[in-house]
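Shown next, in structure tokens, is the structure this report addresses.
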Amino acid sequence: MPSYTVTVATGSQWFAGTDDYIYLSLVGSAGCSEKHLLDKPFYNDFERGAVDSYDVTVDEELGDIQLIKIEKRKYWFHDDWYLKYITVKTPCGDYIEFPCYRWLSGEGEIVLRDGQAKLACDDQIHILKQHRRKELETRQKQYRWMEWNPGFPLSIDAKCHKDLPRDIQFDSEKGVDFVLNYSKAMENLFINRFMHMFQSSWNDFADFEKIFVRISNTISERVMNHWQEDLMFGYQFLNGCNPVMIQRCLKLPDNLPVTTEMVECSLERQLTLEQEVEQGNIFIVDFKLLDGIDANKTDPCTLQFLAAPICLLYKNLANKIVPIAIQLNQVPGEENPIFLPSDAKYDWLLAKIWVRSSDFHVHQTITHLLRTHLVSEVFGIAMYRQLPAVHPIFKLLVAHVRFTIAINTKAREQLICEYGLFDKANATGGGGHVQMVQKAMQDLTYTSLCFPEAIKARGMDNAEDVPYYFYRDDGLLVWEAIKTFVAEVVDIYYEGDQVVEDDQELQDFVKDVYMYGMRGKKASGFPKSIKTKEKLCEYLTVVIFTASAQHAAVNFGQYDWCSWIPNAPPTMRAPPPTAKGVATIEQIVDTLPDRGRSCWHLGAVWALSQFQDNELFLGMYPEEHFIEKPVKEAMARFRKNLDSIVSVIAERNKNKKLPYYYLSPDRIPNSVAI
């Protein structure tokens, strides 16, 4: 009687094992086996991290094994089980791998096919075509689109984390509880004694040190020591938390009536301001998005304020970027003066603080939340809805959407919801952040997610002309590494452009992103379909880069750059100044966040800057969805390429007082999961 050896691998994460009854059936081209109970006497089967083997004897030869069915039945109480993979050794000695990497919850059955990646056109056998179709039908019922707020990209239809399909939930929900994590962060930072002191101002700048954790030789300490300097202010637009705002100024805006006379003490080349613009030495950061956004009114005891500044910057003879003019609101006028470095010390400092606060708001809500978290969720939902597990693009992308839908659901549940944690300390809480996303959706284009194009569109692509822009330099290296890897994988499965165009599952995935994620807006430039291998490679690079490198660049530096409160105030408690010569140190401190809000802000940026336990970094694919040798070789080359980038960045950072490491591949998690 033919005998098959079945090897079953259980996941190693918490609660992955099970005591339930596990049955297996083999489905072959010549017949189907009976249901076999996988059980060894006097042995605890399917323990966490275990790899167990079983002999399955059948009455007749089954032919080529096409599918395996796994059924779980209750032993004592419902017990989830995480199945990594099953390997079947046939009577001829062949090994067939069946990747799973899924949870089996409650009682039920899952059907697996072997791990070879296949496009729909490769499946000629009816039973495999049927399996493919059924899997997508089931997934489309589980992964439903929902509008969380009008004008937002659509998100997953789930009110809370536990409503999500088990396969995309966190292994332990406790680890991503924002309330718990922020409170724990404040405890770890020894600042919880201040956390309820709302409306209580600090005495002076030095007083902020009471909640500042001084770690020597770190970026955060350097920020604290040098935050008032123009060089530090300018540097942050290149390599701080929000390095995506600065652009070359091609023409002075009509609503910023700045003249050469105003700024001549800052210009070093004996040229007029207009000539400096022509030579490409003037840069601009415009926070017009904040114009008209409602400030937080959730606390009747504290008035909070927003501004919409325009900041003009200059590349000096040392090729460093420094600010030369700041107007705090969009409409020029007597009560909206242009602040200059030649003004009184505290006038100029307060103007810069307003810009830093505005930058913080745009960073948190647009650069971080919308353009990494929400966009990656769109790609993730569309992938689960339209690509079966056997599809090579599913296998390529699944590691890059790991826990993304879960973290966003948790954020909607606790962080950015009405009366959520975001309302506690942020001037854009209480609905302002929602208005910002709705407004920013007009500028969310496909091209703006293509890293090289986005850099070029801002006139920041010339490394000789704009040196010290490490975000650009490192980002381009990582973008090219990802694109090269993606192209190798695409070449394995798509012979030519026609195969891409004829892949209906792929086209449905792209269409889902366009119709639901981008709400069918033609102006977004997101493709409705993809017709060439080249475009497919670019599209997949956008998906992976956004989820990994772009998120890392704008997320993990938050404690470095935002922990010194005056450098990144989450709220301002007095309106922007309407005249010069009135700012004092006392007035500035009373404008900055109170003790309570400072602590909540600090807890947030600390918690958001931490890597997950067991973080998976770019190039790490421990879940072997791909079993083919050519793909594994491409992965090895990808890792080697990333390692060389790590070395290049480490060498550049040597002896730097302000190293830039957020885009070093060994610090880039695979997905948006924090």
Side-chain angles (χ1 to χ4, degrees), residues 202 204-206 208 219-220 222-243 245-247 249 256 258 262-263 265-267 282-290 305-316 320-330 332 336-364 427 560-593 598 601 658:
W202 301 96
D204 50 33
F205 293 143
F208 282 98
I219 291 174
S220 56
R222 193 157 184 85
V223 170
M224 183 194 76
N225 291 330
H226 299 278
W227 70 281
Q228 297 187 39
E229 297 166 14
D230 288 354
L231 279 172
M232 177 63 88
F233 179 89
Y235 178 86
Q236 291 180 71
F237 287 117
L238 296 175
N239 301 309
C241 255
N242 196 23
M245 296 291 290
I246 186 169
Q247 55 186 42
C249 181
L256 182 68
V258 62
M262 287 180 179
V263 296
C265 64
S266 299
L267 307 180
I282 303 296
F283 298 82
I284 191 165
V285 179
D286 191 345
F287 296 96
K288 59 187 172 191
L289 182 91
L290 287 165
F305 298 89
L306 293 167
I310 306 171
C311 179
L312 214 58
L313 300 128
Y314 176 63
K315 184 182 74 172
N316 65 19
K320 300 290 172 68
I321 302 288
V322 291
I324 58 169
I326 293 170
Q327 182 178 284
L328 292 180
N329 278 303
Q330 293 288 308
N336 188 17
I338 296 174
F339 291 94
L340 307 164
S342 53
D343 290 340
K345 177 184 175 180
Y346 290 124
D347 282 349
W348 180 234
L349 182 60
L350 182 56
K352 288 192 293 180
I353 290 172
W354 269 105
V355 172
R356 294 295 313 133
S357 183
S358 302
D359 192 61
F360 174 80
H361 296 309
V362 172
H363 164 260
Q364 284 293 1
D560 287 346
W561 296 101
C562 304
S563 58
W564 180 247
I565 308 291
N567 189 59
T571 188
M572 298 288 264
R573 295 180 295 144
T578 55
K580 296 187 181 188
V582 291
T584 62
I585 180 80
E586 292 77 21
Q587 184 197 354
I588 293 176
V589 170
D590 283 342
T591 300
L592 289 168
S598 297
H601 167 81
L658 274 176

Evaluate ring-ring contact (aromatic ring centres under 6.0 Å, His included) for F360 paired with H601, printing each intermediate quantity in order. CA-CA 11 Å; F360 174 80; H601 167 81; 5.1 Å; yes
Any chance the side chains of N567 and Q236 put a donor and an acceptor closer than 3.5 Å? yes
Using the ring of each side chain (for Trp, its six-membered ring), is F233 parallel, tilted or perpendicular to F237, with breaks at 30° and 60°? perpendicular
Can you check side chain to side chain contact (heavy atoms under 4.5 Å, CB included) on I588 and F205, steps first, answer last? CA-CA 9 Å; I588 293 176; F205 293 143; 3.7 Å; yes
Any chance you could lay out the side chain to side chain contact (heavy atoms under 4.5 Å, CB included) test for I585 and L349, step after step, and finish with the verdict? CA-CA 10 Å; I585 180 80; L349 182 60; 6.0 Å; no
Between V589 and R573, which heavy-atom pair has the shortest distance, and what is it? O-NH2, 3.5 Å
S357 side chain vs P569 backbone, donor-acceptor pair below 3.5 Å: yes
Which heavy atom of S598 sits nearest to which heavy atom of I565, and what is that distance? O-CD1, 3.7 Å
Test your reading of the model: is there a side-chain donor-acceptor pair from R356 to the backbone of P566, 3.5 Å cut-off? no
Which pair of non-hydrogen atoms, one from F287 and one from D359, has the smallest distance, and what is that distance? CE2-CA, 3.4 Å
Looking at W348, is its backbone amide N or carbonyl O close enough to the side chain of K580 to form a donor-acceptor pair, meaning the two atoms are under 3.5 Å apart? no
Decide yes or no on side chain to side chain contact (heavy atoms under 4.5 Å, CB included) for I246 and L313, but give the supporting numbers first. CA-CA 9 Å; I246 186 169; L313 300 128; 4.2 Å; yes
Smallest separation among heavy atoms of V263 and I324, with atom names: CG1-O, 3.5 Å
Rounded to the nearest 0.5 Å, how far apart are CH2 of W561 and CG of N239? 7.5 Å
For the pair N329 (side chain) and A308 (backbone), establish whether a donor and an acceptor sit closer than 3.5 Å, ignoring hydrogens and angles. yes
Report yes if the side chains of I353 and M572 come closer than 4.5 Å at any heavy-atom pair, otherwise no. yes
What one should report as the nearest heavy-atom pair of H226 and M232 is O-CB, 3.3 Å
Only one of Q330, Q247, Q327 forms a side chain to side chain donor-acceptor pair (under 3.5 Å) with D286, so which one is it? Q330
Test your reading of the model: is there a side-chain donor-acceptor pair from T591 to the backbone of Q587, 3.5 Å cut-off? yes
K352 and P323: which non-hydrogen atoms are nearest, and at how many Å? CD-CG, 4.3 Å
